[in-house]
Protein chains: 2
Amino acid sequence: MTHQNDLDGTSVPFAPSFVHRLHFTSDVFGADRDVLARVLEPSGDRPAKVQFWADEHVDRARPDLRRKLRAFADEHADRIELAGNVQVVEGGEAVKNDIHILERMLKVFHAAGLDRRSYVVVIGGGAVLDAVGFAAAIAHRGIRLVRLPSTTLAQADSGVGVKNGVNLFGKKNWLGSFAVPWAVINDASLLETLPDRDFICGFSEAVKVSLLKDPAMFAELCRTAGQIRRREPAATLPMIAASAEAHRRHITRNGDPFESLEARPLDFGHWSAHKLEAMTDFRLRHGEAVAIGVALDTIYSSMALGLPAEDADRVLRCLVDLGFDLAHPALSDTRPLFEGLEEFRQHLGGRLTLTMLRRVGDPVDVHEVDDATMRRAIERLQEYGAEHSSGANEAAETASRAGAGDPARA
Amino acid sequence: MTHQNDLDGTSVPFAPSFVHRLHFTSDVFGADRDVLARVLEPSGDRPAKVQFWADEHVDRARPDLRRKLRAFADEHADRIELAGNVQVVEGGEAVKNDIHILERMLKVFHAAGLDRRSYVVVIGGGAVLDAVGFAAAIAHRGIRLVRLPSTTLAQADSGVGVKNGVNLFGKKNWLGSFAVPWAVINDASLLETLPDRDFICGFSEAVKVSLLKDPAMFAELCRTAGQIRRREPAATLPMIAASAEAHRRHITRNGDPFESLEARPLDFGHWSAHKLEAMTDFRLRHGEAVAIGVALDTIYSSMALGLPAEDADRVLRCLVDLGFDLAHPALSDTRPLFEGLEEFRQHLGGRLTLTMLRRVGDPVDVHEVDDATMRRAIERLQEYGAEHSSGANEAAETASRAGAGDPARA
């Protein structure tokens with residue numbers, strides 16, 4: 001009965017089917033509420049059992065939210081059964097740092113009798129989507145999850161993805177899973193109450209994905225960066241949609257949505273971004289850190305991998321035009337910064353694999369980084385940032401030493 | 001930006017690739033240890049980091065296990081790095097009932113620095129595979145899991161599957177996920193130390209899967225039932241392999257391995273089996289309960305769905321020839337038993353969907369059960385069991401009231 005190798009039928013490939021549903025709406029709890037209603041499919045002759053979860057930031061910014069959700073449920077009482085009140089959870093990284101919040105989520109699911117055909121609808125920023133999404137993924141081996149990302153960052157990037165997670169042992173996303181959401185609804189009205197600083201944060205991920213996948217999209221970002229910075233919907237909404245669609249194409253067409261390969265191509269610029277967030281106790285937001293990380297690996301790519309200098313200049317200019325500050329004191333602290341390379345390797349396991357750029361739209365995997373060249377890239381970035389950007393990072397670091405937890409990116 | 005329905009590109013189907021690796025060995029830590037070694041692929045230029053987990057039952061039955069695992073690692077030191085000692089965990093349902101054991105597993109993974117390219121090799125019965133598998137699935141969004149099922153039941157059935165889980169809120173598998181194991185190795189030597197009662201338990205699942213999928217396999221089971229009962233390897237090993245392969249074909253070819261549809265066809269006979277386990281405080285083992293459940297739904301199918309009476313007789317005779325006792329006092333306790341139908345529905349959500357039989361190899365989904373007919377089926381089964389089987393269940397129930405926990409199947 002012993003088989004000697006993998007070629008005798010012991011390895012059977014298979015490819016189960018998934019569906020990725022992504023909707024764009026202008027006012028999901030108002031004029032476009034039918035989109036949400038249709039996503040919540042009844043199960044046979046039973047109404048869809050639905051539980052809403054909201055990020056405290058959204059709940060505070062939209063005092064009408066709970067009333068609207070109740071009205072929505074009342075209006076669709078023929079096909080929707082509300083499973084308890086709207087649940088409000090702490091926003092930001094805090095929701096991922098406290099395992100007891102995860103336990104509470106599971107208890108609330110259980111108390112409401114949610115099952116695998118029920119729906120958890122979560123409205124919030126990336127951290128809240130991650131934490132509630134993980135709880136939903138492991139309850140009954142997966143309750144249907146509908147994500148309504150409330151930040152540009154989550155709408156353009158993570159909210160569209162298939163990952164969830166919480167932090168454990170002081171490491172980001174140490175606990176988590178891959179799970180395809182039942183549906184994602186990117187709603188424009190949810191973004192209106194975002195502060196300017198948060199609003200711009202999503203666009204560094206848009207720059208990143210365009211550099212990896214779509215030169216035309218990158219050109220459009222360069223052209224409209226000023227309008228985006230001024231929050232002109234005619235520029236921002238198409239670009240969020242383009243970024244979300246590019247992210248989705250990566251998931252649905254690249255063949256490795258659950259990251260069984262060693263490369264993680266969407267993490268261009270992220271090794272330093274993750275580390276800079278931790279080094280600044282998260283005073284630097286993810287989108288801001290990604291802007292710096294993308295700029296840094298762009299310069300490195302031009303120094304070491306043949307990315308044309310004029311393309312590198314376009315990238316830096318685009319990020320500055322969007323309003324990002326590319327200089328940061330922590331960049332000069334190269335010893336802890338370079339530890340980010342090892343931490344990045346550890347999370348994926350195996351050997352180091354970074355995505356860099358040969359040209360715009362032409363990424364390349366590299367397995368080592370030349371220290372001296374990276375140091376020169378950092379110097380060049382600090383100079384560029386000092387000349388062209390706002391100086392906000394320097395001011396913020398000088399002013400503030402208070403901060404949240406500091407989970408190393410794992 | 002509002003899309004009106006699912007037909008305008010908002011729903012994108014995709015089908016990521018997985019590989020299901022299933023090996024059959026005679027002596028996986030001895031003559032066939034190369035099979036295990038080759039499954040543990042190094043990651044780039046780094047050796048495979050491997051942590052072994054063993055069911056206490058296996059550890060006790062095989063005092064040489066730890067020495068052999070160390071010798072195995074020493075022999076392959078060029079490609080394998082042992083991550084700590086062999087971890088021994090409580091066997092049976094207890095390991096799934098204590099959430100602190102899950103926490104300990106995660107801590108041990110973390111302390112050893114396991115990552116997504118590391119391996120957790122788990123040797124044990126179905127419960128241990130479920131619990132360690134769940135921990136491995138959520139650490140770093142999935143550490144590679146190699147399962148070595150140590151019971152006929154796990155080798156023929158669940159060990160080959162893509163599910164894991166632990167019990168929570170007193171409900172079986174309330175917490176869990178779908179995760180494709182890196183590899184499964186069904187080793188014959190691991191079964192040698194099983195007591196007779198446990199040894200036979202796997203074959204009710206073999207009967208079940210043959211009735212659903214493979215009439216020729218069912219005929220072979222009928223023909224060799226006596227040899228299987230006497231544990232003749234020439235009969236038992238091919239049948240375990242056939243059952244495992246049928247289970248795997250279900251996963252890799254039926255298109256719904258992660259159970260997004262409402263039916264769960266492999267759960268033929270399981271609504272009553274799960275309930276009987278709970279009603280007897282798990283004195284009735286899963287394989288024994290499945291034998292009764294399969295027999296019951298077979299009789300019901302012959303009464304209500306046109307399954308020929310001679311086929312139903314063959315099923316009952318086969319189960320009795322294998323050594324199963326088909327009568328059980330708890331069957332007459334119809335009120336709690338019938339609650340099993342509602343609990344079965346709840347776990348999947350939506351409407352009740354049971355798989356029944358029209359003919360051998362021709363299953364059919366039904367959405368309701370006729371109470372009176374099911375009562376008659378129970379009476380017929382009790383009569384048949386009293387005439388043909390051992391009476392062991394009656395004796396056991398009379399003698400024993402002690403038992404383990406009683407998680408309702410969720």
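Naming convention: chains lettered A, B, ... in sequence-line order (proteins, then strands); numbering from 1 in each chain.
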Item checked: Which portion of N164(B) sits near chain A, non-hydrogen atoms under 4.5 angstrom ->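 Contact with chain A is through the backbone of N164(B) alone.
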Checklist line | Proximity breakdown for A137(B) and chain A, heavy-atom pairs closer than 4.5 Å | finding: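 Backbone only.
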Enter the distance from [X]:[atom1] to [Y]:[atom2] here, rounded to the nearest 0.5 Å.
X       : Y       : atom1 : atom2 : value
R345(A) : R117(B) : CZ    : CZ    : 11.0 Å
E103(A) : L168(B) : CD    : CG    : 9.0 Å
R264(B) : R116(A) : CZ    : CZ    : 7.5 Å
R141(B) : N173(A) : CZ    : CG    : 4.5 Å

Check: Using a cut-off of under 4.5 Å for heavy-atom pairs, which of H110(A), R351(A), R144(A) has the most such pairs with chain B?
Finding: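 Heavy-atom pair counts peak at H110(A).
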Next item on the list: Find the one option among T252(A), I138(A), D45(A) whose heavy-atom pairs under 4.5 Å with chain B are most numerous.
Entry: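 So the answer, after comparing T252(A), I138(A), D45(A), is I138(A).
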Margin query: I'd like to know which of A15(B), S43(B), G176(B) tops the heavy-atom pair count under 4.5 Å against chain A.
Written below: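 Answer, by heavy-atom pair count under 4.5 Å with chain A: G176(B).
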Where does [X] contact chain B at under 4.5 Å (heavy atoms): side chain, backbone, both or neither?
X       : answer
F134(A) : side chain
V180(A) : side chain
T353(A) : neither
I99(A)  : neither
K107(A) : both
I143(A) : neither
D256(A) : neither
S118(A) : neither

Check: Shortest non-hydrogen contact from T10(B) to R248(A)?
Finding: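 Heavy atoms of T10(B) and R248(A) come nearest at O-NH1, 2.8 Å.
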Check: What are the two closest heavy atoms between S11(A) and V19(B), and how far apart are they?
Finding: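 Smallest interatomic distance, heavy atoms only, reads CB-CG1, 3.9 Å.
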Next item on the list: Mind telling me whether H140(A) and W174(B) have parallel, tilted or perpendicular rings, with 30° and 60° as the class edges?
Entry: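 Tilted: the ring planes of W174(B) and H140(A) meet at 30° to 60°.
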Next item on the list: Would you mind reporting whether P257(A) and P16(B) have side-chain heavy atoms less than 4.5 Å apart?
Entry: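 Sidechains of P257(A) and P16(B): in contact.
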